[in-house]
Amino acid sequence: MARPENAADRPHDWASRFCSHTGQFPSSALSSLPPGTSMPAVPPDPSPDNSPASGTPMSGTAAGLEKARRDKLLKIAALGIDPWGSRFDGAQPIADVRHLGEPLRRAEGEPAADDGPTVRVAGRIMLLRSAGSLVFISLADRAGRIQIMLGKKQVGPDAWKLVDCLDLGDLIGIDGRLGYSKTGEMTVFATAITFLTKSIETPPDKFHGLVDAELKQRMRYVDLIHGEGVRERFIARSRIVASVRQTLFDRGYLEVEGPTLQDSAGGAAARPFKTHHNALDMPLVLRIALELHLKRLLVGGMERVFELGRVYRNEGVSPRHNPEFTMLEAYEAYGDYATMMDLTEAIIRDAAKVAGTPSTVHWMGHAIDLAKPFRRATYDDLLREVVGCDPTDPASITTAAAALGIDTAGRHPDVVKSDLFEATCEGTLSAPTFVIDYPAAICPLTKRKSGQPHLAERFELYVAGMELANAYTELNDPDLQEELFRTQLAGLASDESMARMDTDFIRALRHGMPPAGGLGIGIDRLVMLLTQSASIRDVILFPIHRPQSEG
RNA sequence: GCCCCGUUAGCUCAAUUGGUCAGAGCAUCUGACUCUUAAUCAGAGGGUUCCUGGUUCGAGUCCAGGACGGGGCACCA
């Protein structure tokens, strides 16, 4: 959609009401914008409601802060400039401009140099220092910051009226010569300024930014502007997600999208969110896992598929849990869980590279070496090592569990064993560790180990005591799968079990699902690790919150 | 759902045992300044101390209930 060439095409906007096409002073030779119509020789008196005198009783209140900015907005409009700006072509990324300026570097004490190449930049005013008829601005765009110098003589009296109306947080475009100030700071010496958008809200403390975790999350837009490393963290997240996709594409995987609205939430043990479809008048639940539909696609001949998307679990929030989170699941025909261990390591290593993660990550009090091959240890070996019990003897497990106050009465021995493992072993798994060969009874979707039907070919990857990935050799025997769906484990409530009958899934298996490895990775937790973030809410742009109370 | 902790100006933070304690910096406004760097200097204004009650001569401070957040537990293979 092209920008309107004539202000008359935009009868309702600010510029058309003030007889100018652009907000730029002066009409720079560099400008890619059409030349403006004649500017009023003397702009109308720029103060509809003249600036308050010293001591006006609201100059520091929230309303007073806003009024000061709105007064400047009206002054800008009175200058014939649209305070909400318009298309601005040809701005160079500030990071590129800085690169351009490096060879011109001058030491502090040398005379200022303002004769470098001509550049055009656009961004937000982060700092603004006025020294009378000279203003220094720190301008930030998506990937960098650079100092701008605006001089009254250099830009001319008309543009200077606009400079008087600038506030922290405003968006402007600058044309100028690249050079260095007297103190050796790389600087764009402005020859023209284009006003792009007024900011009506007061920015946070310019040194500390937002500190309050609640404000940072509710007003992420402010946190992204002012928070130290915040934008970089979410850029890293974007790159990690792209890298995960690329690693899978490189191995011949197809990305697919399964249904998020389902009539039964399968594939994991979690309570779903419930909703309702009006036209069909049917209850629906939001998905809690991607698994069962991706396996249907294995049956359909999509031999390597993955989905990277949101799942929803109606459970508590914690520094490691958000009710909606991003999950990767990948399935590879003719592979098994060992195949998926190799894939998991590749995904994490590739992602660490693009995220700029150091090879040794210091996170949550652990020093984690991501470069060396991840340890592989069996579930039973870890129990023997950490607890000192005999994992093959139910009596020994029960005794050890009871000693820790774990409820054992009437519960399946494998469920007790699972509780014991969580209570004792998980926290010890600091270095990346594939825990392999789980008790079969707690793995209703997993193939049993050949000749050892009490063990399931499953692994979970733990890093810093936190579960990061979960994978199995997929169960493809439809009769056994149906039986496991029917079996309710003793001691588990129905909504705590993942054994939920799905007859269509059984029918799919009856058509023949290839032997396969399947993998799930919690993307948010992976981003936490790779960006060394302590809370999942630091890597989710808009984590869940209760509504903000009124007044 | 349970336990502990927190909430003071737009933002970041002070305020002794309940007693001139409503304070600072940034931001805002006025003035000075053509090389500043969280600019500086001079001046001014800005408060429902989260809310509702209670105790007290007196509450930001103590008590009860509520709201929101942080941490832990439960939940979550």
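Throughout, protein chains are lettered first and strands after them, A, B, ... in sequence-line order, and every chain is numbered starting at 1.
Between A:Thr446 and A:Phe136, the residue anchored closer to the 5' end of RNA chain B is A:Phe136, taking for each the nucleotide with the nearest heavy atom.
Nucleotides B:U55 and B:A64 are separated by 15 Å at their P atoms, to the nearest Å. Spacing of C1' atoms, B:A15 relative to B:G47, comes out at 14 Å, to the nearest Å. For B:A24 and B:C63, the P atoms lie 29 Å apart once the distance is rounded to whole Å. Going from the P atom of B:C2 to that of B:U49 covers 29 Å, rounded to whole Å. B:G25 sits 36 Å from B:G65 when the C1' atoms are compared, rounded to a whole Å.
Contact annotation for A:His226: no contact, since no heavy-atom pair falls under 4.0 Å across all strands. Residue contacts for A:Ala62: at a heavy-atom cut-off of 4.0 Å it reaches the sugar-phosphate backbone alone, with no base atom in range. Nucleic acid contact class of A:Glu460 (heavy atoms, under 4.0 Å, all strands): sugar-phosphate only. Within 4.0 Å of A:Lys72, counting heavy atoms only, lie sugar-phosphate atoms of the nucleic acid but no base atom. A:Asp212 comes within 4.0 angstrom of sugar-phosphate atoms only, judged by non-hydrogen atoms across all strands, and of no base. Using a 4.0 Å heavy-atom cutoff across all strands shown, A:Gln217 reaches sugar-phosphate atoms only and no base atom. Heavy atoms of A:Ser130 sit under 4.0 angstrom from at least one base atom. Base engagement by A:Gln154 is indicated by at least one non-hydrogen atom pair under 4.0 Å involving a base atom. Base engagement by A:Ala131 is indicated by at least one non-hydrogen atom pair under 4.0 Å involving a base atom.
Side chain of A:Pro319, nearest nucleotide from B:G70, B:G71, B:C35: B:G71. Out of B:U36, B:C75, B:G72, the shortest distance to the side chain of A:Arg129 is found at B:U36. Side-chain proximity of A:Leu215 to B:U12, B:U34, B:G47: nearest is B:U12. When the nucleotides B:C68, B:C76, B:U34 are ranked by their closest atom to the side chain of A:Arg218, B:C68 comes out on top. When distances are taken from the side chain of A:Lys153 to each of B:U28, B:U36, B:U34, the shortest belongs to B:U34. Relative to the side chain of A:Thr187, the nucleotides B:U36, B:G69, B:C35 differ in distance, and B:U36 lies closest. When distances are taken from the side chain of A:Arg537 to each of B:C35, B:C76, B:G71, the shortest belongs to B:G71.
Here B:C73 presents its P atom at 15 Å from CG of A:Leu404, a figure rounded to the nearest Å. Counting to the nearest Å, the C1' atom of B:C76 and the CE atom of A:Met466 are 14 Å from each other. Between A:Leu210 atom CG and B:C11 atom P there is a gap of 8 Å when expressed in whole angstrom units. Spacing between atom CG of A:Asp407 and atom P of B:A74 amounts to 13 Å, rounded to whole angstrom units. Atom CG in A:Asn314 sits roughly 12 Å away from atom P in B:C76 (whole-Å rounding). As a whole-Å value, the separation of A:Glu110 CD from B:C35 P is 18 Å. Note: CG (A:Leu134) to C1' (B:U40) measures 14 Å, nearest angstrom. Counting to the nearest Å, the P atom of B:G45 and the CD atom of A:Glu66 are 23 Å from each other.
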Exercise for review: Test salt bridge (Lys or Arg N to Asp or Glu O under 4.0 Å) on A:Arg411 and A:Asp419 and set out the steps.
Suggested key: CA-CA 11 Å; A:Arg411 306 176 77 208; A:Asp419 282 355; 2.9 Å; yes
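A salt bridge is absent between A:Glu307 and A:Lys295; no separation between the charged side-chain nitrogens and carboxylate oxygens falls under 4.0 Å. Ionic pairing of A:Glu214 and A:Arg218 is present here: one or more N-O contacts between side-chain nitrogen and carboxylate oxygen are shorter than 4.0 angstrom. The pair A:Asp381-A:Arg376 does not meet the salt-bridge criterion, since no charged nitrogen lies less than 4.0 angstrom from a carboxylate oxygen.
Listed by chain and number, the residues in a ring-ring contact (aromatic ring centres under 6.0 Å, His included) with A:Phe459 are A:Phe434 (sequence neighbours excluded).
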Would you give me the side-chain donor-acceptor pairs under 3.5 Å for residues 201-209 of chain A, sequence neighbours excluded?
residue: A:Asp205; atom: OD1; partner: A:Phe207; partner atom: N; Å: 2.9
residue: A:Asp205; atom: OD1; partner: A:His208; partner atom: N; Å: 2.9
residue: A:Asp205; atom: OD1; partner: A:His208; partner atom: ND1; Å: 3.1

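The environment of A:Arg98 atom CZ is dense: over 12 non-hydrogen atoms of other residues, nucleotides or ligands sit within 6.0 angstrom.
Of the inter-residue distances, the one linking A:Phe505 atom CZ with A:Leu292 atom CG reads 5.0 Å to the nearest 0.5 angstrom. Of the inter-residue distances, the one linking A:Met340 atom CE with A:Arg458 atom CZ reads 14.5 Å to the nearest 0.5 angstrom.
Here A:Ser133 reaches the OP1 or OP2 of B:U34: one of its side-chain N or O atoms lies under 4.0 Å away. For B:G69, one of the phosphate oxygens OP1 or OP2 lies less than 4.0 angstrom from a side-chain nitrogen or oxygen of A:Arg546.
Counting only residues at least two apart or in different chains, side-chain hydrogen bond (donor to acceptor under 3.5 Å, both in side chains) contacts with residues 126-140 of chain A comprise A:Arg129-A:Gln147.
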Under the rule of Watson-Crick or G-U wobble with both distances under 3.5 Å, where | means paired to another strand and [ ] a crossing pair, RNA chain B maps to (((((((..((((.....[...)))).(((((.......))))).....(((((..]....))))))))))))....
Set out, line by line, the N/O atom pairs under 3.5 Å between protein and nucleotides 21-27 of chain B.
residue: B:G25; atom: N2; partner: A:Asp205; partner atom: OD2; Å: 2.6
residue: B:C26; atom: O3'; partner: A:Lys206; partner atom: NZ; Å: 3.3
residue: B:A27; atom: OP1; partner: A:Lys206; partner atom: NZ; Å: 2.3

Provide a list of protein-nucleic acid N or O atom pairs under 3.5 angstrom, restricted to nucleotides 2-8 of chain B.
none

